[in-house]
Amino acid sequence: MADIDGPIGLFDSGIGGCTVLSEVRRRLPNEHLLYLADQAHCPYGPRTPEELCILTQAGVSWLIQQRAKLIVVACNSASAAALGYLRQVFPNMPFVGMVPAVKPAVLATRTGVIGVLATPATIAGGLLQTVMNRYARDVQVLLQPCEGLADAVESGGLNTPATRDLITTYVAPLVAAGADTLVLGCTHYPFLANQIREVAGSGVVLIDPAPAIAEQVARILASQGMNRQSDHAPMLCCVTTGDRDTFSEQLARLQIAPCTIQETNYVLEDSLATRHADWP
């Protein structure tokens, strides 16, 4: 049985999943949160499904070793490639993954045209196609791979001319084709929401799935009786497989605080994380 005082684990290739972390933290303020950023292998978007399964299994194994009671795969690329695989490998662990927010986009569109901004791995994954087949048969869905946008967020280049040029390249053709609703299909992209709105215009709706993900986490915890009951203050710990100082600067820039920041150098061996720091 899961330890109800254990943390909710969140996993991403980098800092993009902090958009989900912030929503989970807002929705469930009494829960311990443990966020793992696999920045040693970021970005995930260009990687193959096989690589994503290996990397994601390693990260999830590490979170389980830290007593995580539920795991959010806060990465669209990893969810698209590995979510089903993870549920087979870890059948007793509840998972919440990033499902492309096509359904709410279909409900929001007035023109019948929606755009999906995503990484190449998410667009190539079967999860997006499954969601489109289920919810988007009566609308036109324009898929836009956005190479470089997640990297821009990781590097801190939110407002650089180069990032604005990338956004214009990706967003302007969608709007010109009639899209009035854009799905932010990577957890990094909400950090660029203001810049995307500048290009798209005020009449275009942006769909960020993070609030819905937080609600799903809350539903699962409640249904399984796993809500933390302690009156002691909850902890937020953010861990990177990359450089701790760089990670700390990123979190401060994105106002993800206060939190404990750690670095882990677990290695991949038989697809498992073999070195870890203790939680808490």
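Position 1 is the first residue of the sequence; numbering continues from there. Note that the structure is a prediction, hence the values are computed from the model and not measured.
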Check: Between Val239 and Cys237, what is the shortest heavy-atom contact and its length?
Finding: CG2-SG, 3.8 Å

Check: Are Leu10 and Leu34 close enough, and set up right, to give a side chain to side chain contact (heavy atoms under 4.5 Å, CB included), and what steps lead you there?
Finding: CA-CA 6 Å; Leu10 300 99; Leu34 175 59; over 6 Å; no

Margin query: Let me confirm one number: the CG-CD distance from Leu221 to Gln216, rounded to the nearest 0.5 Å.
Written below: 10.0 Å

Next item on the list: Can you measure from CD1 (Ile213) to CZ (Arg27) and round to the nearest 0.5 angstrom?
Entry: 13.5 Å

Next item on the list: Applying side chain to side chain contact (heavy atoms under 4.5 Å, CB included), run through Ile8 and His32 and close with a yes or a no.
Entry: CA-CA 6 Å; Ile8 297 170; His32 294 314; over 6 Å; no

Notebook entry, point to check: Does Asp180 use its side chain to pair, donor to acceptor, with the backbone of Thr109 at less than 3.5 Å?
Noted result: no

Check: Are any side-chain N or O atoms of Arg47 and backbone N or O atoms of His41, one a donor and one an acceptor, separated by less than 3.5 Å?
Finding: yes

Note to self: I'd like to know if the side chain of Asp3 and the backbone of Arg67 have a donor-acceptor N/O pair within less than 3.5 Å.
What the structure shows: no

Note to self: Assess the residue pair Leu36 and Thr240 against the criterion (side chain to side chain contact (heavy atoms under 4.5 Å, CB included)); give the C-alpha distance rounded to whole Å, side-chain angles, the decisive distance to 0.1 Å, and a yes or no.
What the structure shows: CA-CA 6 Å; Leu36 174 60; Thr240 181; over 6 Å; no

Item checked: Non-hydrogen atoms of Gln144 and Leu174 that approach each other most closely -> CB-CD1, 4.0 Å

Item checked: Minimum-distance pair of heavy atoms, taken over all atoms of Ala101 and Val183 -> O-CG2, 3.5 Å

Next item on the list: Might you work through the side chain to side chain contact (heavy atoms under 4.5 Å, CB included) test for Cys186 and Leu149, ending with a clear yes or no?
Entry: CA-CA 9 Å; Cys186 172; Leu149 282 191; over 6 Å; no

Notebook entry, point to check: Checking Gln88 side chain against Tyr85 main chain: does a donor-acceptor pair fall under 3.5 Å?
Noted result: no

Note to self: Looking at every heavy atom in both Val73 and Met98, which two are closest together, and how far apart are they?
What the structure shows: O-CG, 3.2 Å

Notebook entry, point to check: Would Leu166 end up clustered with Val204 when hydrophobic side chains under 4.5 Å apart are linked, directly or stepwise?
Noted result: yes

Would you be so kind as to tabulate the donor-acceptor pairs closer than 3.5 Å made by side chains of residues 117-139, with sequence neighbours excluded?
residue	atom	partner	partner atom	Å
Thr119	OG1	Ser77	OG	2.6
Thr119	OG1	Thr122	N	3.2
Thr119	OG1	Thr122	OG1	3.2
Thr122	OG1	Ser77	N	3.3
Gln129	NE2	Asn133	OD1	3.0
Thr130	OG1	Gly126	O	3.0
Asn133	ND2	Gln129	O	3.3
Arg137	NE	Asn133	O	2.7

Note to self: Quick check: closest heavy atoms across Gly178 and Thr111, and the distance to 0.1 Å?
What the structure shows: O-OG1, 2.8 Å

Note to self: Could you check whether any side-chain N or O of Thr56 sits under 3.5 Å from a backbone N or O of Cys53, counting only pairs where one atom can act as donor and the other as acceptor?
What the structure shows: no

Note to self: Parallel, tilted or perpendicular, judged at 30° and 60°: which one describes the rings of Phe247 and Tyr35?
What the structure shows: parallel

Check: Taking atom types as modelled and ignoring hydrogens, do the side chains of Tyr44 and Asp38 form a donor-acceptor contact shorter than 3.5 angstrom?
Finding: yes

Notebook entry, point to check: Looking at side-chain heavy atoms only, is the closest gap between Leu33 and Pro7 below 4.5 Å?
Noted result: no

Note to self: Please check: side-chain N/O of Arg228 versus main-chain N/O of Asn30, any donor-acceptor pairing under 3.5 Å?
What the structure shows: yes

Next item on the list: May I ask you to check whether Thr241 and Gln39 show a side-chain donor-acceptor distance below 3.5 Å?
Entry: no

Next item on the list: Might you point out which heavy atoms bring Asp12 and Gly16 nearest each other, and give the distance in Å?
Entry: OD2-N, 3.2 Å

Note to self: Using a 6.0 Å cut-off, check whether atom CD of Glu215 has over 12 heavy atoms from anything other than its own residue.
What the structure shows: yes

Notebook entry, point to check: Are Leu52 and Thr48 close enough that some pair of their side-chain heavy atoms sits under 4.5 Å apart?
Noted result: no

Item checked: Thr187 side chain vs Ala74 backbone, donor-acceptor pair below 3.5 Å -> yes

Notebook entry, point to check: Just by distance, do the side chain of Thr163 and the backbone of Gly157 share a donor-acceptor pair under 3.5 Å?
Noted result: yes

Checklist line | Distance (rounded to the nearest 0.5 Å) between Tyr170 OH and Tyr189 OH | finding: 7.5 Å

Checklist line | Rounded distance (nearest 0.5 Å) linking atom CD of Gln250 with atom OG1 of Thr246 | finding: 6.5 Å

Check: Would you call Lys69 and Glu31 a salt bridge, taking side-chain N to carboxylate O under 4.0 Å as the test?
Finding: yes

Item checked: Donor-acceptor contact present, side-chain Ser22 to main-chain Thr19, <3.5 Å -> no

Next item on the list: Return yes if some donor-acceptor pair links the side-chain N/O of Gln195 with the main-chain N/O of Leu158 below 3.5 Å, else return no.
Entry: yes

Notebook entry, point to check: Got a second to check how far Leu206's CG is from Ile196's CD1, nearest 0.5 Å?
Noted result: 6.0 Å

Next item on the list: Would you mind reporting whether Val60 and Phe90 have side-chain heavy atoms less than 4.5 Å apart?
Entry: yes

Next item on the list: Calculate, to the nearest 0.5 Å, the distance between atoms OG and NE2 belonging to Ser13 and His188 respectively.
Entry: 5.0 Å

Note to self: The criterion is salt bridge (charged side-chain N to carboxylate O under 4.0 Å, His left out); which residues satisfy it with Arg253, sequence neighbours excluded?
What the structure shows: none

Next item on the list: Please tell me if the side chains of Glu154 and Pro43 come closer than 4.5 Å, counting only heavy atoms from C-beta onward.
Entry: no

